[in-house]
Protein chains: 2
Amino acid sequence: MTKDEPTREERIRRKSRKRREDEKQEVRQAILSAATALFLKLGTEGFSLRGVAEEAGYSPGTIYLYFENKDDLLYTVADEGFQRFLIMLHDAASDNLEPIDQLRQMANAYVSFGLDYPAHYRVMFIDRTDFIASDERAQDWQATLQALRDTVQKAIDSGDFQPVDVAATSDALWAFLHGAVSLAITMQSFDAERRASMLSMTHQLIDTLVDGLRKG
Amino acid sequence: MTKDEPTREERIRRKSRKRREDEKQEVRQAILSAATALFLKLGTEGFSLRGVAEEAGYSPGTIYLYFENKDDLLYTVADEGFQRFLIMLHDAASDNLEPIDQLRQMANAYVSFGLDYPAHYRVMFIDRTDFIASDERAQDWQATLQALRDTVQKAIDSGDFQPVDVAATSDALWAFLHGAVSLAITMQSFDAERRASMLSMTHQLIDTLVDGLRKG
DNA sequence: TTCATTTGATGAACGCTGTTCAGGAGATAA
DNA sequence: TTATCTCCTGAACAGCGTTCATCAAATGAA
């Protein structure tokens with residue numbers, strides 16, 4: 001008997017287990033993708049588990065093998081969004097730029113995220129804000145806001161900004177960005193040109209704000 | 001027979017008809033109030049016609065005697081909101097102030113409206129933005145935005161502002177205000193102090209923006 | 001190969017929702 | 001008193017989220 005080496009059967013069993021585990025993850029991801037697509041198409045009202053099941057090609061009950069319930073499914077969509085969002089914000093901030101330029105880059109990243117992942121943004125910040133309220137799962141969310149605060153703090157520490165209230169300032173900047181993205185996403189009556197010029201002006205005004213926060 | 005004068009019976013009949021008409025309006029208003037209260041308490045998810053019916057003291061079917069359907073009921077709430085909103089904005093603008101101060105007053109009025117009528121604001125601008133998209137009923141909504149545009153235009157005409165793009169500028173200002181009010185309303189995890197300091201900073205930064213838009 | 005066990009998916013069922021509608025009770029008109 | 005009209009009800013239907021007994025197939029052991 002070869003000492004500690006797994007037998008052929010053992011190896012087969014392991015690979016089989018792994019393959020089935022991978023398949024499970026694929027099904028889970030398929031349901032998640034169907035949910036994201038459906039949420040984008042139908043919004044919070046028309047979105048239904050039965051619709052997700054049909055889109056993914058399973059019966060409604062199957063969803064409960066992969067997610068606790070409807071809220072858990074939507075929360076997972078939001079969570080996926082927060083992770084991508086955090087990466088995008090950190091990437092924007094870690095370009096070796098001056099704090100003020102970092103801030104501008106983060107503003108760009110914020111808007112880009114909203115436009116690139118509107119379904120995620122809706123769940124995260126518009127339709128299901130209850131997820132991040134009083135929930136221990138709000139970690140990723142707080143990290144994203146912390147990234148903004150850190151950058152404002154750096155701008156103050158470097159002497160670029162006046163010593164403003166960091167929390168209030170970054171919350172207000174967040175509000176501006178959130179408002180622009182929200183309107184761009186939800187106001188379906190806006191044509192592409194209006195949306196674009198509003199966002200462009202938003203970026204200009206963010207620059208104006210940043211200038212206004214400068215020392216002296 | 002006294003010529004054209006109505007008989008006593010005729011007078012009674014008219015008053016009776018009017019009284020019953022008033023009672024109908026009262027029931028309608030009661031349903032509307034119940035709906036507003038319930039929407040504020042439960043949000044778009046938990047809000048149900050059966051809940052409204054119970055709150056108002058009628059059976060579910062009765063609501064359909066006064067409103068077309070659930071959307072019509074919610075739209076009526078939104079419409080009520082738009083009317084009050086328009087009055088508040090016009091009041092703010094018609095103080096005989098300089099255009100720039102009018103703009104500041106309107107910003108204050110905007111935030112005040114959102115905080116005073118959060119249920120209406122949610123229906124109008126957050127949860128049911130589909131109402132004002134591609135609908136002939138969007139008149140009151142467009143009027144409110146027009147009020148903002150008019151004031152920006154006045155500031156340019158009076159020489160206070162640089163000749164910026166009026167539509168884009170007022171849309172961006174709107175975005176800022178909308179973001180602040182949205183966060184204040186929907187982020188239940190904010191304590192009162194954070195909410196207050198964010199809104200206070202928002203007003204400060206609006207002032208900064210207005211300064212930045214001044215003629216160089 | 002054969003057979004028991006485990007796994008993944010199903011479809012029926014429950015209580016909820018929005019919505020419709022035949023019917024009934026009470027006020028109104030004759 | 002009687003007939004008409006007005007307002008409201010409660011039952012019904014389809015669709016929703018959710019649960020669960022059941023079943024087919026894949027697995028692991030013999």
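Note that the structure is predicted; figures quoted are calculated from it, not measured. Every heavy atom of this structure was used, including side-chain atoms; hydrogens, water molecules and symmetry mates were not. All chains are named by letter (A, B, ...) in the order of the sequence lines, taking the proteins before the strands, and each is independently numbered beginning at 1.
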| task | Check for a donor-acceptor pair, side chain of Arg28(A) on one end and backbone N or O of Tyr66(A) on the other, with a separation under 3.5 Å. | result | yes
| Distance-only, no hydrogens or angles: does the Gln105(A) side chain make a donor-acceptor pair with backbone N or O of Ala92(A) under 3.5 Å? | no
Under 4.0 Å between a side-chain N/O of [X] and OP1 or OP2 of [N], yes or no?
X	N	result
Tyr66(B)	dC7(D)	no
Thr62(B)	dT9(D)	yes
Ser48(A)	dC16(D)	yes

Separation of [N] [atom2] from [X] [atom1] (nearest whole Å):
X	N	atom1	atom2	value
Ile31(A)	dT10(C)	CD1	P	10 Å
Tyr58(B)	dG18(C)	OH	C1'	20 Å
Lys70(A)	dC16(D)	NZ	P	10 Å
Leu65(A)	dC20(D)	CG	P	13 Å
Tyr64(B)	dA12(D)	OH	C1'	14 Å
Ile63(A)	dT10(C)	CD1	P	10 Å

| note | Side-chain atoms of Leu49(A) come closest, of dT10(C), dG8(C), dT18(D), to dT18(D)
| request: Give every residue pair that meets the salt bridge (Lys or Arg N to Asp or Glu O under 4.0 Å) criterion with at least one member in residues 59-71 of chain B, sequence neighbours excluded. | output: Asp71(B)-Arg128(B)
| query | For Tyr121(A) and Asp116(A), what are the C-alpha separation, side-chain angles and deciding distance, and is it a side chain to side chain contact (heavy atoms under 4.5 Å, CB included)? | reply | CA-CA 9 Å; Tyr121(A) 193 90; Asp116(A) 288 347; over 6 Å; no
| Has the side chain of Arg50(A) got a donor or acceptor atom sitting under 3.5 Å from an opposite partner on the base of dG15(D)? | no
